[in-house]
Q: 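Let me begin by handing over the structure; questions about it come next.
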Amino acid sequence: MARIELREVQHSYLDRPSRPEDYALRPLQHVWEDGGAYALLGPSGCGKTTLLNVISGLLRPSEGRVLFDGVDVTELPTARRNIAQVFQFPVIYDTMTVGQNLGFPLRNRRVPEEQVRARVLEIAEMLELTAVLDRPARNLPADAKQKISLGRGLVRPDVAAILFDEPLTVIDPNLKWQLRRKLKEIHQRYRPTMVYVTHDQNEALTLADQVVVMYEGQVLQLGSPEELFENPRHTFVGWFIGSPGMNLLPCRPEGEGVVVEGRIIPLPPARVAALPQASGRLELGIRPEYLQVHPVPAPARVEAQVVGTQDLGDFALVDLQLGAQRMKAKVPEGQPLPSERAWLAFPPEASKLYADSRLVTGS
Amino acid sequence: MEKTYNNRAWLLVIPVFVIVAFSAIIPLMTVVNYSVQDIFGPGQRFFVGAEWYKETLRDPRLHGAFLRQIAFSLTILAIEVPLGIAIALALPTRGWGVSASLVLLALPLLIPWNVVGTIWQIFARADIGLGGRLLAELGVDYNYARDPIDAWITVVVMDVWHWTPLVVLLCYSGLRAIPPAFYQAAQVDGASSWAVFRYIQLPKLTGVLTIAVLLRFMDSFLIYTEPFVLTGGGPGNATTFLSQFLATAAVGRFDLGPAAAFSIIYFLFILLFSWLFYTAIMRIQTGER
């Protein structure tokens with residue numbers, strides 16, 4: 001187990017990168033604390049796998065240093081970094097039995113045979129692979145194969161960290177759930193430093209204590225699932241986390257609030273006061289969960305057209321048109337649904353302001 | 001479920017049956033026909049039963065050719081398969097080197113077989129050939145037209161030159177098909193390069209190697225053109241393989257009966273060997289032993 005630190009790491013797959021867009025990883029400063037369970041969340045192509053491979057040493061970063069417990073390991077090859085990695089598609093050694101597969105990382109490191117056997121039994125027990133231990137690994141179904149890959153990561157008791165690169169992509173949904181629970185259990189039992197790459201926010205939010213949201217080679221925000229939901233520091237985080245994502249409306253400051261599509265929305269004075277310092281494109285962000293939809297007008301409510309309503313069981317999703325802007329609101333079951341026109345209220349604490357996509361803080 | 005009996009279904013089989021009859025069964029039956037008769041001329045033929053078969057199977061010249069054939073096929077398999085794997089592993093995986101080396105390697109495969117024989121016939125000649133001359137200059141007493149061992153070496157080297165590229169190409173495609181995650185996982189697991197070869201590359205190559213071994217075995221077992229051009233089966237009978245033996249009997253001596261009987265035996269033998277190879281390799285692949 002180790003604390004992993006990235007110092008000014010950046011990477012480009014090109015020979016002579018010139019523009020920032022040439023980099024798969026933009027200058028990155030990050031610390032993964034010892035024993036933490038992190039999820040690395042972002043859309044395809046945002047640099048998640050690149051970052052993972054930089055940590056494991058499969059990729060040497062163009063710039064910057066990688067430190068394990070304060071020791072510079074940037075130049076060390078993967079095998080000497082003592083790291084475990086589980087890949088998107090199950091990797092098993094075809095000619096070996098399940099047990100031989102599990103013992104392979106230990107035998108390569110010349111661990112005494114009795115210890116190998118004891119450890120393989122323990123891991124097989126934990127992953128419920130004991131029954132197939134002597135079977136050839138290649139004939140097993142995909143989820144069992146992925147469990148073997150996972151087991152090869154866990155079998156070394158001294159690994160610095162276990163990295164997961166979307167390991168549940170090829171697994172059936174119901175088995176996915178089981179394996180996820182298994183992973184959580186393993187983390188609670190052994191407390192390894194765990195970095196879990198995924199583009200599935202549910203997976204990220206259920207598995208990890210801390211979620212790192214990446215976009216275009218940059219880390220946008222690190223936080224607990226709750227922080228990411230309640231307080232997205234970047235419009236991308238607001239849009240990517242949550243289903244549906246945050247409503248984002250172009251706006252400009254005026255007096256006691258901001259103007260969206262010619263209508264004034266009142267906001268706390270401190271936050272509006274901070275706006276003149278924030279330059280660039282201004283946006284108002286509000287989550288569909290917090291946007292209040294009323295069937296009658298009142299002061300400080302803004303009128304909008306109802307475009308459509310979807311009843312999704314315990315809540316209804318209302319599509320709204322505010323001037324040229326589309327918005328979505330989640331209305332809990334039991335509340336009256338507006339039919340043609342609705343009056344929207346923006347609770348001040350849930351209404352965020354973004355300048356050039358970054359959150360404007362009130363202080 | 002109720003089965004429907006309808007003999008008109010046979011009509012659907014007729015086209016295939018006709019095609020196979022013309023392409024395989026009728027020619028084969030002609031040979032069978034020759035193999036059980038003694039034919040002196042038009043209208044003068046006698047049924048001899050299994051006589052030709054017995055005679056052929058007892059022929060010591062055939063035994064010799066058969067042993068030479070087996071030795072030749074096993075020798076070239078033992079050289080071409082490991083060599084092909086080794087070259088495939090050493091080939092570049094990216095950049096302009098890939099197409100360059102693949103084209104260079106494929107060249108021998110594109111040369112007509114009798115030209116291959118001619119190339120080596122000239123190349124290996126001690127008086128005017130580049131290779132033969134070079135050996136002579138180095139003080140090696142080499143003459144494939146006189147010395148049986150030299151003739152053998154020349155035929156084997158020629159076949160290796162001609163056909164190893166096929167094994168290389170097959171193995172190369174097999175290697176390229178291995179997803180990078182396997183190599184990455186092996187790095188993470190601390191595997192040595194030998195272990196990577198033994199536990200990742202070789203197992204992933206069994207499919208293409210099966211094809212390579214089968215093709216090379218069958219082809220080498222039928223080899224005729226190249227040794228015919230290069231050595232004509234000599235010196236003596238040193239490089240007379242089965243096809244050469246058959247051609248001498250059928251075309252040279254016009255012994256149609258024994259030649260036909262021998263053809264049938266030859267055909268069945270190759271069928272049997274290929275089947276044995278195939279089942280053995282499939283067994284290994286599926287893990288039963």
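Sequence lines set the chain letters: A, B, ... in the order given, protein chains first and strands last, and positions in each chain run from 1. Everything numeric here is computed off the predicted structure, so don't read it as measured data.
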Q: Which heavy atom of A:Val91 sits nearest a heavy atom of B:Ala185, and at what distance?
A: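 Shortest heavy-atom contact: CG1-CB, 3.5 Å.
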Q: Would one find more than 12 heavy atoms of other residues, nucleotides or ligands at under 6.0 Å from atom CD of A:Glu125?
A: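 No, because the 6.0 Å sphere around CD of A:Glu125 holds 12 heavy atoms or fewer from other groups.
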Q: Please report the closest heavy-atom contact between A:Arg156 and B:Val188, naming both atoms and the distance.
A: NH2-O, 3.3 Å
Q: Tell me which pairs pass ring-ring contact (aromatic ring centres under 6.0 Å, His included) where either residue lies in residues 165-195 of chain B, with sequence neighbours left out.
A: B:Trp194-B:Phe197
Q: Go through B:Ala191, B:Pro179, B:Ser192, B:Ala186 and name the one with the most non-hydrogen pairs under 4.5 angstrom from chain A.
A: B:Ala191
Q: Any idea which of A:Gln88, A:Arg80, A:Gln85 has the most non-hydrogen atom pairs under 4.5 angstrom with chain B?
A: A:Gln85
Q: What are the two closest non-hydrogen atoms of B:Gly190 and A:Ala79, and how far apart are they?
A: CA-CB, 3.9 Å
Q: Could you check if a side-chain atom of B:Arg198 sits within less than 4.5 angstrom of a side-chain atom of A:Thr95, using non-hydrogen atoms only?
A: yes
Q: Give a yes or no on whether A:Arg7 atom CZ has more than 12 heavy-atom contacts from other residues, nucleotides or ligands under 6.0 Å away.
A: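 Counting neighbours around CZ of A:Arg7, 12 or fewer heavy atoms of other residues, nucleotides or ligands fall under 6.0 Å, so no.
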Q: Heavy-atom count around B:Phe269 CZ within 6.0 Å, excluding the residue itself: above 12?
A: yes
Q: Got more than 12 heavy atoms from elsewhere within 6.0 Å of CD1, B:Ile149?
A: no
Q: Report, by ascending residue number, the residues of residues 98-122 of chain A in heavy-atom contact with chain B at a distance under 4.5 Å; give 'none' if the set is empty.
A: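 Near chain B, by residue number: A:Phe104, A:Pro105, A:Asn108, A:Arg109.
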Q: Determine whether more than 12 heavy atoms belonging to other residues, nucleotides or ligands lie under 6.0 Å from atom OH of A:Tyr13.
A: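 Buried by this count: over 12 neighbours within 6.0 Å.
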Q: Does any heavy atom of chain B fall under 4.5 Å from the side chain of A:Ile92, the backbone, both, or neither of them?
A: backbone
Q: What distance do B:Gln184 atom CD and A:Leu59 atom CG have between them, rounded to the nearest 0.5 Å?
A: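 Between B:Gln184 CD and A:Leu59 CG, I get 9.0 Å after rounding to 0.5 Å.
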Q: Is A:Asn53 in contact with chain B via its backbone, its side chain, both, or neither, using a 4.5 Å heavy-atom distance?
A: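 When you check distances to chain B, only side chain atoms of A:Asn53 fall under 4.5 Å.
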